[in-house]
Visitor: 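For reference, the structure I am asking about is given below.
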Amino acid sequence: MRERRVATAVRGWFADTAGGLPATFWYLWAGLLINRAGAFAMLFLSLYLTAARGASESLAGVVVGAYGAGGAAGVLLGGVLADRWGRRSTLVAAHLVTAALMVALALSQHLGVIATLALLVGVTHSMPSPAFVAAIVDVVPEERRSRAFNLQFWAFNLGMAVASLLAGLLAEASYVALFLVDAGATLATAVLIAWKVPETLPTLRAYGQPKPSPAGRRPGLHTALTDRHFMVFVGLTFVLAVLTMQASTIMPLAMRADGLGPSAYGTVVALGGVLIVLGQLFVPRLIDRRRRGTVLAVSTALLAVGFGALAVADDLVLYLGACVVWTVGSMLAAPPNAQINADLAPPALRARYQSVFYLAFPAASFIAPTLGGFSLQSWGDGHWLIMGALGLLAAGGHLLAGPPRERRVAALRRTSATPAADEATRTHPPPSAQLKTPARSGRPAG
């Protein structure tokens, strides 16, 4: 009897966590997992350049920087293409080109050619991100999107954990194999999407098109960049990204100053990955029926406390304890971050909004180590107090920005629920409605 109750509870938890999602979502999810699990070559780019191609450390840094610059451009390009050309077309094209570039990187020996290829890989690596999320928003019913985004974040981190493990093994054997296996995984993702994922781009007849600006400009990237509610949200996300980047940029320096070696740093990073893989699927039940602004305020405050605590950390146990706190904050932030982004974006500009949102992360990857290194050198452990204070200010910002943002979302929903839109939706149903039918997507998972 007890075993039956446990089995029933497990089935209920699984259905609540992963049920009610269309088949197209699961193909996108599988493509993301395969992509991330195989995306390990660029993790070892600097080592490859110095160990296998004889580049100096400074030149290796320039090449890695070129890859990052390409990523910033690629995420904007991917957003524009996904809204104009289509989600599926953008995803397939970006993965196919990336696979070809990876093969070229494996075979190239001239450092100038490698630098150029790294820049191009940065572009094509980042292009799928807005299209992936926009496609998920297209096909998943609104009431299940929080679950979908939670699963997306979990798959991303699970894939990265697998990639980190495989990368070390392959790098020991052959750097060329590293790039070729990466290319194979990328090609597999392209094939899966081309085979199983239909085009999900909403039709303008069903959803309408955002009105031109008072100056008569057509809706585009500038629409997102001038959306006050959205840009406040992006700014607060940028602070969260700066805090998160501390773990991979500044914390290793602080641990070395405390006499802790690379193995200790690896232990802290591994703990964060294990916590996400094991605990992320339990997050939806924790945050359901709570305001998204409040959840983001709590999550940002946890990040602030976790990194602020490093001001007094001087041994591995304290670093591990702080890691638990900031990792829980990151886990709580993932679903509402993506959900707010989806709520604020007009359907015709979903991928463009996603691309502007994703810019916060390459910007943080530049700002965090640049200013963080100077801050740590100048103020020592005081750097972590600054990070804690910055995070607490951002948490307060979420509490202040949440209510007006919710009113804006409610107004957008009222505007879209016009009789003309309802009639258009009946004659040309949105992708999420189409994909819930057995003829298009099969039986829902769970």
Side-chain angles (χ1 to χ4, degrees), residues 43 46 57-58 60-62 64-69 71-72 231-269 271-273 296-330 332-333 337 357-401:
L43 298 175
S46 58
E57 292 181 355
S58 59
V62 170
V64 174
Y67 170 76
M231 291 309 296
V232 168
F233 168 63
V234 171
L236 293 171
T237 302
F238 170 74
V239 175
L240 183 144
V242 168
L243 290 173
T244 303
M245 290 290 177
Q246 300 299 308
S248 59
T249 58
I250 306 303
M251 187 183 70
L253 304 177
M255 294 184 73
R256 185 177 64 183
D258 287 331
L260 299 171
S263 61
Y265 171 67
T267 302
V268 175
V269 173
L271 174 63
L296 286 176
V298 171
S299 65
T300 307
L302 288 172
L303 283 159
V305 171
F307 285 107
L310 297 186
V312 297
D314 56 5
D315 61 27
L316 181 58
V317 173
L318 291 177
Y319 276 99
L320 291 173
C323 174
V324 171
V325 176
W326 77 60
T327 301
V328 171
S330 297
L332 294 177
N337 254 338
F357 171 77
Y358 273 105
L359 273 183
F361 297 94
S365 68
F366 173 75
I367 293 294
T370 304
L371 297 185
F374 172 80
S375 175
L376 187 67
Q377 182 177 345
S378 301
W379 294 295
D381 288 337
H383 165 78
W384 301 113
L385 297 178
I386 295 172
M387 290 296 101
L390 181 65
L392 292 177
L393 285 174
H398 277 297
L399 292 176
L400 293 175

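Sequence positions, counted from 1, serve as the residue numbers for this chain.
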Visitor: Between Ile250 and Trp384, is there a side-chain heavy-atom distance shorter than 4.5 Å?
Guide: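 When only atoms from C-beta onward are counted, Ile250 and Trp384 do touch, with a gap below 4.5 Å.
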Visitor: Report the C-alpha separation of Val234 and Leu359 in whole Å, then their side-chain angles, then the decisive distance to 0.1 Å, and conclude whether the side-chain contact (heavy atoms from CB on, under 4.5 Å) test is met.
Guide: CA-CA 9 Å; Val234 171; Leu359 273 183; over 6 Å; no
Visitor: Just checking, any donor-acceptor pair under 3.5 angstrom between side chains of Tyr319 and Asp258?
Guide: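 Checked: Tyr319/Asp258 side chains pair up, N/O donor to acceptor below 3.5 Å.
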Visitor: Might you point out which heavy atoms bring Gly391 and Thr300 nearest each other, and give the distance in Å?
Guide: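 That would be O-CG2, 3.3 Å.
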Visitor: If you measure from CE on Met387 to CG on Leu392, what distance do you get to the nearest 0.5 Å?
Guide: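 Rounded to the nearest 0.5 Å, the CE-CG separation comes out at 12.0 Å.
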Visitor: Is it true that a side-chain atom of Thr267 and a backbone atom of Ser263 form a donor plus acceptor pair closer than 3.5 Å?
Guide: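 Yes: the side chain of Thr267 pairs with the backbone of Ser263.
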Visitor: Please report the shortest heavy-atom distance between Leu376 and Ala254, naming the atom on each side.
Guide: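 Nearest heavy atoms, Leu376 then Ala254: CD2-N, 4.2 Å.
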Visitor: Examine distances only and state if a side-chain atom of Ser299 and a backbone atom of Leu296 form a donor-acceptor pair shorter than 3.5 Å.
Guide: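 Checking the backbone N and O of Leu296 against the side chain of Ser299, a donor-acceptor pair under 3.5 Å is found.
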Visitor: Mind telling me whether Phe233 and Phe357 have parallel, tilted or perpendicular rings, with 30° and 60° as the class edges?
Guide: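 Geometry flag for Phe233 against Phe357: parallel rings.
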Visitor: Kindly determine whether Phe361 and Phe238 satisfy ring pair (Phe, Tyr, Trp, His ring centres under 6.0 Å), including the steps that lead there.
Guide: CA-CA 7 Å; Phe361 297 94; Phe238 170 74; 9.3 Å; no
Visitor: Under a plain distance cut-off of 3.5 Å, with no hydrogens placed, do Gln377 and His383 share a side-chain donor-acceptor pair?
Guide: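 His383 vs Gln377: no donor-acceptor pair found between side chains.
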Visitor: Which atoms form the tightest heavy-atom contact between Ala241 and Ala364, and what is the distance?
Guide: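 Distance-wise, the nearest heavy atoms are CB-CB, 3.5 Å.
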Visitor: List the atom of Ala247, the atom of Trp326, and the distance in Å for their closest heavy-atom pair.
Guide: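 That closest heavy-atom pairing would be CB-CZ2, 4.2 Å.
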Visitor: Measure across Leu240 and Asn337 and return the closest heavy-atom pair with its distance rounded to 0.1 Å.
Guide: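 Heavy-atom minimum between the residues: CD1-ND2, 4.3 Å.
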Visitor: Quick check: closest heavy atoms across Asp381 and Leu310, and the distance to 0.1 Å?
Guide: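 Here Asp381 and Leu310 meet closest at OD1-O, 4.4 Å.
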Visitor: Quick one: do Leu260 and Tyr265 satisfy side-chain contact (heavy atoms from CB on, under 4.5 Å)? Show the steps, please.
Guide: CA-CA 8 Å; Leu260 299 171; Tyr265 171 67; over 6 Å; no
Visitor: Which residue is it: Val239, Thr249, Leu303? I am looking for the one with a side-chain contact (heavy atoms from CB on, under 4.5 Å) to Thr244.
Guide: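 For Thr244, the side-chain contact (heavy atoms from CB on, under 4.5 Å) test succeeds with only one of Val239, Thr249, Leu303, which is Leu303.
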